[in-house]
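See structure below.
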Amino acid sequence: MHPALTSDLARLPDLLQAARDLAAQELSGLDERPAVRLDQAPGPEAVPGAGAGAGGALARFAERWAPGFSGSAGPRYLGFVTGGATPASVAGDWLTSAYDQNASGAVGSWAAALERETVGWLRELFGLGDAHSGAFVTGATVSNTVGLAIAREWLGERLGVSVSRQGAAALGPVEVLSGSPHSSITKALSVLGIGRDRLRRVPVLPGNREAVDVDALDAALAGLGGRPAIVVANAGTVNTVDFDDLRAIAALKERHDFWLHVDAAFGAFAALSPAHAPLVAGLDAADSVCVDLHKWLNVPYDAAVQFTRRQDLQIAVFHNASPYLGLPTGDPDFLHLTPENSRRLRALPAWFSLVAYGHEGHGEIVERNVALARELGARIESSEGLRLLAPVRLNVVCFTLDRDPTQERVDALSRAVAESGETFLTPTVHEGVPALRAAFSNWRTTRADVERVADALAAAREARRFPV
Ligand SMILES: *Cc1c(COP(=O)(O)O)cnc(C)c1O
């Protein structure tokens, strides 16, 4: 054994303790860590020859790289939709690495059974029934891709071809309809050989909405002349967190032949709040569902879950059986369901967090985040110089400069806020107007943080002499 390995093996508990000490110190200071680091990272060094041992690696990391890591796990990082990591989920994540199980299948370990238990819990939290099976994947983009891959196989079934055997070309042009799809949908269509250009935007409801106009969708489906299609419904859009009427869309199946995929990456968490659960009513009618977990469940990257009612088609797409064994039957191993064969047990952090905080604790995070988004919304509404671009429907505040919200001025405001280190917001364009988004999805965020965010916005406007 290499001497560095020998010595690390002998000192393993001490090394884990040292890593734990650094993590504890960094997490204790997370509240004051700059939300983002905008300065230049160090350049790459030569590959180490002799090896410094784990202690040396830890010291070098702490000195050279750790200072440049962002506070994205902290309470005032409001960019994109970025969850943090609950204490229990961090512990679960560490143990995932310590046990280093390959969750590809059931052979020789209970790890896959733990993933099944966790998927079952998530299914229940989101109001899905027994007909939905699920599996962990790395993020909502992959969850959407897997859902649409199953949809593609279903189209083949309807048209009498096997896409998994003959390829996507056997389908001819595919119809994909959606109101306000996330950018990952077009990426998935590219990966799947359906093509980015096959996504057809259906009109959304009037009156500053991002939810699809179901009558327009009905008409668009009627115009397909009976050809089966894929409908991507959106439960939680990123700008204004609008929700398609899932029940009304599902009811269109009585007249039209389509696969219903729901991108509920973070919107599915509305189900955890009794007041907001009606937003996702009808989710169970979906043929496939995407839910991210590293966002609003607040588990570390990378984790999402994908659900489907047609596991048989999923197996046709993803199975890894030798041809002479045929398709897997019964309760198939995960390697027959997901893009990966070998897989990290990424269910364990979610399992830990659900055991630690339960339905109620995770519901409290959702409700608190929504209340805080409303509070920031109210402050912006009453502030001079800023205005909301949409009502705060759930956990995102979409706003812009009151006067002259040009791209240049909104970018300058965004930069000034980021430079303050106090908070981080991401720019967007809503209905043609350059804007900023503040997305609340971190378990640590409190009212005091909303105040600091509002103060940071005011200070940034003052520094840049935006009209107040
Ligand atoms: C974040 C998000 C995605 C993509 O999620 P990743 O985890 O970044 O892959 C897809 N859809 C919606 C609605 C999202 O908010």
Side-chain angles (χ1 to χ4, degrees), residues 70 72-73 77-85 89 122 126 134-149 151 176 178-192 196 199 201 204 209-212 230-244 246 249 260-271 276 279-280 283 286 288-307 338-340 344 346 349-350 366 369-370 373 390 393-398 424-428 430 437-442:
S70 76
S72 61
Y77 186 100
L78 306 179
F80 309 99
V81 181
T82 304
S89 74
L122 293 166
F126 303 132
F136 272 73
V137 291
T138 51
T141 300
V142 174
S143 178
N144 276 329
T145 305
V146 171
L148 293 174
V176 186
S178 189
S180 303
H182 186 265
S183 53
S184 61
I185 297 296
T186 37
K187 177 168 173 169
L189 295 177
S190 166
V191 170
L192 293 169
R196 293 176 190 263
L199 178 67
R201 295 259 189 169
V204 293
R209 297 289 305 273
E210 290 185 304
V212 74
I230 299 172
V231 171
V232 177
N234 303 293
T237 56
V238 288
N239 273 352
T240 69
V241 198
D242 211 342
F243 287 76
D244 287 354
L246 301 178
I249 294 174
L260 177 55
H261 174 77
V262 180
D263 180 355
F266 65 97
F269 285 83
H276 301 99
L279 292 170
V280 281
L283 188 63
S288 52
V289 178
C290 154
V291 185
D292 228 335
L293 301 177
H294 50 221
K295 289 177 179 168
W296 226 348
L297 192 68
N298 279 266
V299 298
Y301 295 103
D302 43 19
V305 64
Q306 68 75 221
F307 297 101
T338 56
E340 306 86 5
R344 177 178 176 81
R346 47 178 65 83
V366 170
N369 285 158
V370 172
R393 295 199 179 93
L394 202 66
N395 60 326
V396 175
V397 187
C398 187
F424 180 67
L425 313 171
T426 32
T428 188
H430 179 59
R437 296 166 62 256
F440 290 78
S441 50
N442 189 296

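Both counts, for ligands and for their atoms, begin at 1 and track the order of listing. When reading the values below, keep in mind they use all heavy atoms of this one structure, side chains included, and skip hydrogens, waters and symmetry mates. Keep in mind it's a predicted model, so treat the numbers as computed, not measured.
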Can you tell me how the ring of F126 sits relative to the ring of F269, calling it parallel under 30°, perpendicular over 60° and tilted otherwise? perpendicular

For [X], side chain to side chain contact (heavy atoms under 4.5 Å, CB included) partners two or more places apart:
X	value
V396	V241, R437, A439
V204	S180
N442	N298, R444, T445

Is the shortest heavy-atom distance from the side chain of P339 to the side chain of V146 under 4.5 Å? yes

So do the side chains of F80 and V238 get within less than 4.5 Å of each other, counting heavy atoms only? no

Close residues, ligand 1: non-hydrogen atom nearer than 4.0 Å: G139, A140, T141, N144, H182, S184, G236, V238, D263, A265, F266, D292, H294, K295

